Amino acid sequence: MTHRMIETDVCVAGGGPAGLFVGLLLAKAGVRVTVLESHDNFDREYRGEVLQPRFLQLLQQLNLRDYIESFPGAKVRQGTLFYKNKRMGSFSFEDVSGAFPYALWMPQPVLLQALYDKARTFPSFEMLFHAPVKQLLHEGDRIAGVVAETADGPLEVRARLTVGADGRFSAVRKLGGFEIEYEHYAGDLVWFTVPKPADWGEELRMLITDGHGYIVLPKYPNLLQVGIAVPAAEWKEIKAHGIEPLRQELLAAHPAFRDFAESLTDFKPFVLLQAKDFYVREWAKNGCLLVGDAAHCASPAGAVGVSLSVTTAVVAADVIYDALRDRDCSGGRLAAVQKCRDREIRSIHSMQDRAAKLMFSSSPFIRTWAPMFISFAAKTKLIRFVQRRLLVLPEPLAIHERFMF
Ligand SMILES: Cc1cc2nc3c(=O)[nH]c(=O)nc-3n(C[C@H](O)[C@H](O)[C@H](O)COP(=O)(O)OP(=O)(O)OC[C@H]3O[C@@H](n4cnc5c(N)ncnc54)[C@H](O)[C@@H]3O)c2cc1C
């Protein structure tokens with residue numbers, strides 16, 4: 001079959017945070033970019049909505065902070081740990097990062113729309129929705145673009161460089177034969193949403209109960225997004241017992257869950273997310289680069305997935321710009337992105353793995369002692385040290401002024 005065909009400099013598969021940042025920055029620098037997004041729009045449930053201080057630092061450097069913060073969102077200023085409804089300790093973002101004393105709580109559709117609106121002010125930016133990438137094009141030993149499925153049939157996008165920013169289940173990664181170096185799976189976060197009680201405030205909470213651990217996050221504008229930390233493979237067992245035992249657990253866990261628990265008739269209101277991290281051995285091949293979750297997916301511990309993905313995207317924009325200018329989009333040249341990001345990603349994954357072992361453990365010993373340990377650590381400098389490494393950029397990123405707004 002003959003395909004419709006377009007030509008561009010950079011074809012980005014995936015219009016999530018990483019793909020939109022690559023597209024936005026390159027378009028700002030005058031590069032022709034085509035972003036292909038499989039969904040029809042930006043509506044996404046249960047996605048990364050807490051944007052940590054390290055993300056705000058990046059925005060500040062790019063002069064995008066005021067623009068992004070002008071959209072609807074909330075400022076989360078502290079986090080608190082409860083053990084069986086007893087307050088065990090808390091931390092404030094101000095102590096962790098004085099200049100950026102909050103995390104931004106912004107629905108992902110709002111963030112993505114804001115980035116898209118900014119990007120499409122540049123004539124060299126183009127984004128197609130409802131265009132999932134299905135195939136890679138090859139020319140000799142290099143990847144030369146993609147074939148996407150669209151409402152009008154297959155579309156061939158020929159590009160000097162293809163960027164796989166299509167998330168944790170990346171099609172580009174699979175089609176391109178990229179190899180996973182390591183993967184960790186600690187358990188599942190099972191999400192549900194309830195109305196936010198009037199006296200809740202804008203804080204993150206961790207609840208440790210006789211049943212499971214819970215992460216409770218304010219969801220803009222007036223909801224709570226709740227994740228139950230379920231050890232690996234236990235969700236199947238929970239479902240086999242029917243809804244009643246879980247209803248009883250939720251009723252005991254927190255009064256804010258009561259109406260939701262009472263209304264439950266089955267498991268449909270729950271959304272399961274595997275708490276996995278993985279790392280791709282080599283992110284670049286000739287003509288192709290993986291960024292964001294496609295290259296280095298983080299576990300939910302610490303809610304830093306968007307920040308890490310976007311940092312890699314900013315580094316990638318710089319490397320891609322130079323590679324295009326020098327007409328060298330070889331895997332060796334593009335490997336500079338991974339070289340720059342490798343150390344930090346591995347170090348954060350290793351911190352997250354340790355946290356996940358506490359969060360998802362089914363061992364009664366760990367479940368009893370974890371809150372005491374966290375409470376003790378919160379009273380010392382230890383927790384602040386860990387939080388700083390996780391939530392704050394260690395140093396400003398080297399960003400060329402062509403990418404600044
Ligand atoms: C339930 C949940 C809660 C989370 N909470 C947080 C949080 O609070 N804070 C945080 O920082 N991170 C959080 N994360 C992680 C965060 O969402 C991700 O790390 C981040 O979105 C990764 O950005 P990305 O652009 O690399 O990938 P994604 O956001 O996954 O974007 C990939 C894009 O590619 C598109 N796509 C997929 N396949 C194709 C294809 N074949 N062709 C074209 N397009 C395609 C997808 O539709 C999507 O738009 C959470 C994740 C989940 C699942």
Side-chain angles (χ1 to χ4, degrees), residues 11-23 34-56 58 73 76 103-109 111-112 115-116 127-136 146-150 155 157 162-176 188-193 204 215-220 225-228 270-278 280 283 290-313 316 345 348 352 390-391:
C11 171
V12 180
L20 278 171
F21 261 94
V22 170
T34 303
V35 178
L36 302 171
E37 167 55 44
S38 57
H39 283 82
D40 294 351
N41 53 43
F42 292 123
D43 281 348
R44 310 229 190 315
E45 261 297 339
Y46 295 109
R47 298 314 309 269
E49 298 196 344
V50 180
L51 304 169
Q52 299 291 1
R54 54 166 58 236
F55 179 80
L56 299 174
L58 258 189
V76 179
L104 191 61
W105 185 272
M106 180 171 278
Q108 201 170 96
L111 173 70
L112 297 181
L115 294 172
Y116 174 57
M127 180 159 177
L128 305 180
F129 292 87
H130 198 74
V133 168
K134 295 288 183 187
Q135 229 181 289
L136 295 182
V146 304
V147 179
E149 213 169 75
T150 72
L155 172 69
V157 182
T162 300
V163 177
D166 47 347
R168 55 160 57 197
F169 303 110
S170 170
V172 174
R173 186 180 66 235
K174 284 176 205 145
L175 293 166
D188 300 313
L189 271 178
V190 178
W191 294 98
F192 61 96
T193 305
L204 318 176
I215 301 173
V216 191
L217 309 164
K219 184 174 171 66
Y220 186 85
Q225 180 169 312
V226 187
I228 315 174
F270 297 98
V271 174
L272 182 139
L273 163 78
Q274 287 192 329
K276 258 188 192 177
D277 66 29
F278 62 77
V280 173
W283 305 355
L290 301 180
V291 299
D293 273 14
H296 52 74
C297 182
S299 100
V304 285
V306 171
S307 307
L308 297 183
S309 288
V310 167
T311 310
T312 300
I345 301 280
I348 287 184
Q352 289 189 313
L390 200 57
L391 308 182

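Nothing here was measured: the structure is a model prediction, and the numbers come from that model. Numbering of ligands and ligand atoms starts at 1, following listing order.
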- Stepwise side-chain contact (heavy atoms from CB on, under 4.5 Å) test for L115 and F21: CA-CA 7 Å; L115 294 172; F21 261 94; 3.6 Å; yes
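- Note that OH of Y116 is 11.0 Å distant from CD of E37, once rounded to the nearest 0.5 Å.
- Ligand 1 places these atoms under 4.0 Å from at least one heavy atom of P132: 42 (N), 43 (C).
- Looking at ligand 1, you'll find an N or O of V306 within less than 3.5 Å of one of its N or O atoms.
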- Message: Could you go through L128 and V35, starting from their C-alpha distance and side-chain angles, then the distance that decides it, and tell me whether this counts as side-chain contact (heavy atoms from CB on, under 4.5 Å)?
- Response: CA-CA 6 Å; L128 305 180; V35 178; over 6 Å; no
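- Backbone and side-chain nitrogen or oxygen atoms of A171 are examined, and none is located within less than 3.5 angstrom of a nitrogen or oxygen of ligand 1.
- Under a 4.0 Å criterion applied to the non-hydrogen atoms of H39, ligand 1 contributes the atoms 47 (O).
- Each of the following atoms of ligand 1 lies closer than 4.0 Å to a heavy atom of A165: 32 (C), 33 (C), 34 (O).
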- Please test T193 against W191 for side-chain contact (heavy atoms from CB on, under 4.5 Å), starting from the C-alpha separation and ending with a verdict. CA-CA 7 Å; T193 305; W191 294 98; over 6 Å; no
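- For P17, the closest heavy-atom approach to ligand 1 falls below 4.0 Å.
- Close approach to W191 involves these atoms of ligand 1, each under 4.0 Å from a residue heavy atom: 1 (C).
- Contact annotation: Q108 has at least one heavy atom less than 4.0 Å from an atom of ligand 1.
- For ligand 1 and V304, the ligand atoms under 4.0 Å from any heavy atom of the residue are 11 (O).
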- Item | Audit row: L111, F55, side-chain contact (heavy atoms from CB on, under 4.5 Å) steps and yes/no | CA-CA 12 Å; L111 173 70; F55 179 80; 4.2 Å; yes
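- For the pair D293 and ligand 1, the shortest N or O to N or O distance falls below 3.5 Å.
- Not one N or O of R168 is nearer than 3.5 Å to an N or O of ligand 1, by distance alone.
- Numbered from 1 in the order shown, with element, the atoms of ligand 1 that lie under 4.0 Å from a heavy atom of A303 read 7 (C), 8 (O), 9 (N), 10 (C), 11 (O).
- Of the heavy atoms in K134, none comes closer than 4.0 Å to ligand 1.
- The atoms of ligand 1 that sit less than 4.0 Å from any heavy atom of L273 are 1 (C), 2 (C), 52 (C), 53 (C).
- In the candidate list A18, S307, G15, A18 is nearest to atom 24 (P) of ligand 1, counting heavy atoms.
- For ligand 1, the polar-atom distance check finds an N/O of V50 within less than 3.5 Å of one of the ligand's N/O atoms.
- On a distance-only criterion, V133 and ligand 1 share at least one N/O pair closer than 3.5 Å.
- When L112, L51, L36, V12 are ranked by how near their heavy atoms come to atom 43 (C) of ligand 1, first place goes to L36.
- Numbered from 1 in the order shown, with element, the atoms of ligand 1 that lie under 4.0 Å from a heavy atom of G292 read 26 (O).
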Please output the side-chain donor-acceptor pairs of residues 296-308 that fall under 3.5 Å, not counting sequence neighbours, one pair per line with the distance.
residue	atom	partner	partner atom	Å
H296	NE2	T312	OG1	2.8
S299	OG	A301	N	3.2

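- Close N/O approach between V291 and ligand 1 is not found [any backbone or side-chain N/O within under 3.5 Å].
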